[in-house]
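The next block holds one structure in the form of structure tokens; read it before the comments.
Just the heavy atoms: all of them, side chains too, but no hydrogens, waters or symmetry mates, feed the values below.
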Amino acid sequence: MDIEREIARLNPRQKEAVLHTEGPLLILAGAGSGKTRVITMRAAYLLHRGAAAQSVLAVTFTNKAAREMRGRVSMMVRGKGNGGPIISTFHSLCLNILRREIEHLGYRKDFTIYDTGEQISLLRNILSDIRFHDKTFKIESVLERISRSKNDYVSAAAAASPEDDKIEEVTERLSPKYHEALRTLNALDFDDLLLFTLRLFREHPAVLQRYRDRFRYLMVDEYQDTNRVQYDFIRMLAGERKNLCVVGDDDQSIYGWRGAHIGNILDFEKDFPGTAVIRLEQNYRSTGHILQAANAVIKNNGKRMEKTLWTAGKPGPRVCIFRAADAEEEARWVADRISMIRFDGNLRWEDFSVIYRANLFSKPFEEALRKLRIPYCVVGGTSYFENREIKDLAAYLKIIANPRDDLSLLRAANVPKRGLGATALGRLSKFAQTQSIPLLEAFARAEEISELGAKTAESAEEFSRMIGRYQAVFQKRRVMGDSFKALVEEIRYRDYIRELYKTPEAAMRKIENLDAFISSLAGYAVEEAAPTLQGFLETLALSDLMEEKEEKTGSGVTLISFHSAKGLEFPVVFICGVEEDILPHKKSSATADGVEEERRLFYVGITRAMKELYITYAGHRTKYGKQSGVNPSRFLDEIPGEVLQRLNHETPDADDEERFARKSLAHIKAILGE
């Protein structure tokens, strides 16, 4: 690919961003402005100018975005003999650094990464150990507090909000014990990947300098979503050279509840004096009326950097606002309109999306679509990695890879059942604590535990021997898939699944999942240049932990929340439930910053639409089993009247109804062959 020719095809602002290669650069990339093309082109141009591939680092948030960027850059630099730049997520980059350097912090390199489920199990074990019997709180709330404290550099107590006061005591008691347990287990949680890398850089300047010397050109995508830890990590890595390019859109900063700090992008010029600011405002996604609506809404935010989206394309249809009598009519109207537009425009079901505040609003839309036999998918369901069979088998692999991972051992030990129930495991755990040894070693020495029966002790010892055998077997990297299959057969896991699930259909789905899991390990072993079991588990952990950040759409109409819809686009979009206390959410309405983030959420929804946008709200909604009146969102008043078409349940669009009737009749005749 001719880089110079590709650059010539960019618009003036895009071209300016690609050619600016030295010093701090802020690219304010409006929705649909082609930012991915700019980032990848800039990376390719750096290599074209002679930068070493390993000196160019681009960091983003999701595996999906990193894969897409790598693919595009690979196409541009193919045949140049320079290889590709380093394109990674924050967490993958930090994981790779820690695999090389974590011994500086007193950990072993074979550490395990704990997912949310394992973190919760660990906290419950600690609660049991300290005999804390208060059941009035959710353990997930404690974990959320611990995570927030890490991302904001505050104590767990300081991370509390007023309504969390009742869990402050338990969080303060659990937090130090939780971190002590992670260290003993040679494990890190998701937040630790960044926090430990930052700690490594601060405590070991020589290590930091080594990575500064390596990564001479830094680029960060979605900079508005960075938290304080990520900000400090990037700032330290940039060093005195400050050769840092960040790309983002403050108007799409919607993850404040997850620790994202909008000030990182708003203050970039102050933090990096001499910054060049380039605005990408030409939109290649949406029609003119949709962009007018988006611009009019977002300009009401005070904390933002000025930008106005525009298109060289047509104005398109007006934005349609529909007032329904209640939630059920809202859903029926949306389903009917989707059916009508599909007939009228010869579109696919996949061209439609219904966006709402949270997945709890999906039910009436699912029912309405089912009645019309319209296929749909709900984004944000159970992750593949949350399936029981995947977690069970992953626990076996984790204890094989890290013999100190007691939590994984406790999950795997009696699945399938082998006489190592809660009582036996409790006695084995007590022996391990008394002897200050890993639990797996206690299994190997089970005959020394007088409280265990001979049969139970033999079962524990046999389990230890089996794990030891597979630790050796998995060293043969190219046959890891076969080794995994042999392990599944040896423990008779398929028989266990067939006994566990009531119907053959349910069991078959689970067996298909575990077969796919085995195949994924086999595929990894073939595709990787130097495959290891630890490497596969890293891929698994990061895929699992990033799953909610890169939601997948499926076949049919997409039902999706605002947060999950970010980064996606659809020809026809329905934004539903645009009412006070929903958007803006009641909890967010108390502060100006809260309302501004909610407005940004609405803006993100609007800018997902390519050709047609419909906004709906209900006059009444059921709350606590009773119908009560609701008010339309204040944000609707911010959309200029000249781009709107208003409808309600009493005044349907006669032209659309007549056209739909004609189309439906023609469709029925075609089916009957008339």
Side-chain angles (χ1 to χ4, degrees), residues 1-30 33-60 65-66 69-70 72-74 76-77 80-88 90 93 201 205 208-224 226 230-250 264-282 305 307:
M1 182 180 291
D2 188 328
I3 298 295
E4 300 287 354
R5 187 166 56 205
E6 289 300 311
I7 292 175
R9 294 175 179 170
L10 300 174
N11 70 43
R13 296 288 77 75
Q14 291 175 329
K15 186 184 300 183
E16 183 183 356
V18 168
L19 298 180
H20 189 290
T21 59
E22 305 297 325
L25 171 64
L26 170 59
I27 303 175
L28 284 173
S33 62
K35 76 175 178 67
T36 303
R37 186 183 185 193
V38 170
I39 298 170
T40 52
M41 192 76 73
R42 188 175 186 275
Y45 181 66
L46 285 168
L47 303 189
H48 177 71
R49 290 180 66 247
Q54 298 298 301
S55 71
V56 179
L57 170 65
V59 187
T60 188
M69 289 169 65
R70 277 195 294 267
R72 291 195 186 193
V73 175
S74 177
M76 294 179 194
V77 301
K80 303 295 182 183
N82 197 18
I86 306 299
I87 301 176
S88 174
F90 273 101
L93 174 64
F201 285 172
L208 170 60
Q209 191 59 49
R210 191 160 67 246
Y211 286 96
R212 280 178 175 173
D213 291 341
R214 177 182 177 183
F215 299 128
R216 304 182 73 83
Y217 295 94
L218 304 181
M219 291 190 287
V220 183
D221 189 19
E222 303 288 5
Y223 191 68
Q224 77 281 347
T226 53
Q230 290 159 336
Y231 166 83
D232 280 352
F233 169 74
I234 288 297
R235 192 167 186 177
M236 290 188 76
L237 205 53
E240 294 302 316
R241 191 180 295 115
K242 294 184 173 59
N243 215 352
L244 171 63
C245 165
V246 300
V247 186
D249 182 7
D250 52 307
N264 291 350
I265 191 167
L266 296 178
D267 296 336
F268 188 82
E269 291 178 87
K270 181 177 68 176
D271 295 336
F272 294 88
T275 291
V277 180
I278 298 173
R279 289 170 168 79
L280 304 183
E281 297 171 296
Q282 184 173 359
M305 302 182 77
K307 73 185 78 65

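Counting only heavy atoms from C-beta outward, the side chains of E222 and V247 never approach each other to under 4.5 Å. When side chains are defined from C-beta on, V246 does not count as touching M219, because their heavy atoms never get closer than 4.5 Å. You'll find the side chain of D221 stays beyond 4.5 Å of the side chain of V59, heavy atoms only. In this structure, M41 and Q14 have side chains that are not in contact, with every pair of non-hydrogen atoms separated by 4.5 Å or more.
Taking CZ from R42 and CG from L10, the interatomic distance works out to 13.0 Å, rounded to the nearest 0.5 Å. Note that CZ of F90 is 7.0 Å distant from CZ of F233, once rounded to the nearest 0.5 Å. With rounding to the nearest 0.5 Å, the separation of CG in L26 from CE in M305 is 5.0 Å. The CD1 atom of I7 lies 5.5 Å from the CG atom of L19; values are rounded to the nearest 0.5 Å.
Shown here are the side-chain hydrogen bond (donor to acceptor under 3.5 Å, both in side chains) partners of R214, two or more places apart in sequence or in another chain: Q54. Listed by chain and residue number, E101 satisfy the salt bridge (charged side-chain N to carboxylate O under 4.0 Å, His left out) test with R210 (two or more places apart in sequence, or in another chain). Every side-chain hydrogen bond (donor to acceptor under 3.5 Å, both in side chains) that D213 has, sequence neighbours left out, goes to Q209. Partners of F268 according to the ring-ring contact (aromatic ring centres under 6.0 Å, His included) rule, which considers only residues two or more places apart in sequence or in another chain, are Y223, F272. Partners of L218 by side chain to side chain contact (heavy atoms under 4.5 Å, CB included), not counting sequence neighbours, listed by chain and number: L57, F215, L237, A238, L244. The side-chain hydrogen bond (donor to acceptor under 3.5 Å, both in side chains) search around N264 returns T226, not counting sequence neighbours. Take E4 and apply the side-chain hydrogen bond (donor to acceptor under 3.5 Å, both in side chains) test, not counting sequence neighbours, and it matches H48. S33 pairs by the side chain to side chain contact (heavy atoms under 4.5 Å, CB included) definition with A29, L280, not counting sequence neighbours. Partners of S88 by side chain to side chain contact (heavy atoms under 4.5 Å, CB included), not counting sequence neighbours, listed by chain and number: S92, L93.
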Take V18 and V38 through the side-chain contact (heavy atoms from CB on, under 4.5 Å) test and state the conclusion after the steps.
CA-CA 6 Å; V18 168; V38 170; 4.2 Å; yes
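In summary, D249 and K35 do not engage in a salt bridge, as defined by a charged side-chain N under 4.0 Å from a carboxylate O.
The two residues P273 and P24 come nearest to each other via the heavy atoms O-CG, 4.0 Å. When all heavy atoms of V73 and P85 are compared, the closest pair comes out as CG1-CD, 3.5 Å. When all heavy atoms are compared, the tightest approach of I27 to C245 is CD1-SG, 3.7 Å. Across all their heavy atoms, A53 and G84 have their closest contact at CB-O, 3.3 Å. Scanning both residues, M76 and A44, for their nearest heavy atoms gives SD-CB, 3.6 Å. Closest approach of M69 to A58, counting heavy atoms only: CE-CB, 3.9 Å.
Judged by distance alone, with hydrogens and angles left aside, the side-chain atoms of R241 form no donor-acceptor pair with the main-chain N or O of G23 at under 3.5 Å. Under a 3.5 Å cut-off, the side chain of S74 and the backbone N or O of R70 do not form any donor-acceptor pair. With hydrogens and angles ignored, the 3.5 Å screen pairs no side-chain donor or acceptor of D267 with any backbone N or O of K270.
Residue pairs meeting the side-chain hydrogen bond (donor to acceptor under 3.5 Å, both in side chains) criterion with at least one member in residues 15-29, sequence neighbours excluded: R13-E16, T21-R49, E22-Y217, E22-N243.
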